[in-house]
Amino acid sequence: MEKSVIVVGVDDSEHSFYALEWTLQHIYLPAPESFKLVVVHAKPPAITAVGLAGPGPFAGTAEVLPIVERDLKRIAAKVLEKAKEICEAKSVTDVAYEAVEGDARNVLCEEVENHHASILVVGSHGYGAIRRAVLGSVSDYLAHHAHCSVLIVKTP
């Protein structure tokens, strides 16, 4: 029998790490032989981060991009290292860890497709209505567009 795939989306928030811990405790560990676990971090492209945070196209963007890219790679490595520590603390070692460049909405939908996932797990950031309206909700997008069941884990 082929194992069902669980994709867990993580970022640098406690909400996402709680969702990973919840998944391990409630889904994976009761039947580890039934599941393959894939932990995915969506790393934003440097140009997007620079565009959101600062200089316009004529204000030295070319000089800033390599620095931003290095920082984004460092953050991605840190996020995946923390996810690995959480898994290893529960003696879960058969995990695929991936950092994929792109918007979290698109990356997680694509990873669900690539891995033929049965379930996608993400944490809820608990944004208010105004912030959600301005930024958009990744979990809401995924609930409507991912081609598998989506579990949104709320931090108590």
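- K90 places a side-chain heavy atom less than 4.5 Å from the side chain of L29.
- Hydrophobic clustering (side-chain heavy atoms under 4.5 Å, transitive across Ile, Leu, Val, Met, Phe, Trp, Tyr) keeps V8 apart from V150.
- Within the structure, ring-ring contact (aromatic ring centres under 6.0 Å, His included) pairs that include any residue of residues 78-121 do not occur (at least two apart or interchain).
- Smallest separation of non-hydrogen atoms from E111 and V7: O-CG2, 4.3 Å.
- V121 and V39 fall within the same hydrophobic cluster, defined by Ile, Leu, Val, Met, Phe, Trp and Tyr side-chain heavy atoms under 4.5 Å apart, directly or through other members.
- Using a 4.5 Å cut-off on side-chain heavy atoms (C-beta onward), P32 and V92 make no contact.
- Applying the ring-ring contact (aromatic ring centres under 6.0 Å, His included) criterion to H147, with sequence neighbours excluded, gives no partner residue.
- In terms of heavy-atom proximity, A42 sits nearest to D103 at CB-C, 4.4 Å.
- To the nearest 0.5 Å, atoms CD (E21) and CD1 (I86) are separated by 4.5 Å.
- Taken to the nearest 0.5 Å, the NE2 atom of H145 stands 13.5 Å off from the CG atom of L108.
- With hydrogens and angles ignored, the 3.5 Å screen pairs no side-chain donor or acceptor of S139 with any backbone N or O of S124.
- Hydrophobic cluster membership differs between Y141 and V153, with clusters built from Ile, Leu, Val, Met, Phe, Trp and Tyr side chains linked at under 4.5 angstrom.
- The two residues L142 and R105 make their nearest non-hydrogen contact at CD2-O, 3.7 Å.
- Cluster membership check: V122 does not share its hydrophobic cluster with W22, using side-chain heavy-atom separations under 4.5 Å among Ile, Leu, Val, Met, Phe, Trp and Tyr.
- The side chain to side chain donor-acceptor pair (under 3.5 Å) test applied to D12 returns no partner, not counting sequence neighbours.
- Considering all non-hydrogen atoms of both residues, I152 and G123 come closest at CG2-C, 4.5 Å.
- At a threshold of 4.5 Å between non-hydrogen side-chain atoms, the residues I27 and L151 count as touching.
- Scanning for ring-ring contact (aromatic ring centres under 6.0 Å, His included) contacts around Y28 gives an empty result, with sequence neighbours left out.
- For the pair D94 and K3, the minimum side-chain heavy-atom distance is below 4.5 Å.
- With sequence neighbours excluded, no residue forms a side chain to side chain donor-acceptor pair (under 3.5 Å) with N106.
- Heavy atoms only, all atoms of each residue included: S13 and D11 are closest at OG-OD1, 2.6 Å.
- Between E69 and K43 a salt bridge is recorded (basic side-chain N to carboxylate O distance below 4.0 Å).
- Applying the salt bridge (Lys or Arg N to Asp or Glu O under 4.0 Å) criterion to E113, with sequence neighbours excluded, gives no partner residue.
- The structure places CG of L80 at 13.0 Å from NZ of K82, a figure rounded to the nearest 0.5 Å.
- Using a 4.0 Å cut-off between charged side-chain N and carboxylate O, R74 and E81 make no salt bridge.
- Contact detail for S118 and C148: the closest heavy-atom pair is O-CB, 3.6 Å.
- Using a 4.5 Å heavy-atom cutoff, the side chains of Y18 and P156 are in contact.
- How far CD of E88 is from CD of E85: 8.0 Å, rounded to the nearest 0.5 Å.
- Note on L120: it clusters hydrophobically with V40, by side-chain heavy-atom contacts below 4.5 Å among ILVMFWY residues.
- To the nearest 0.5 angstrom, L20 atom CG is 6.5 Å from L37 atom CG.
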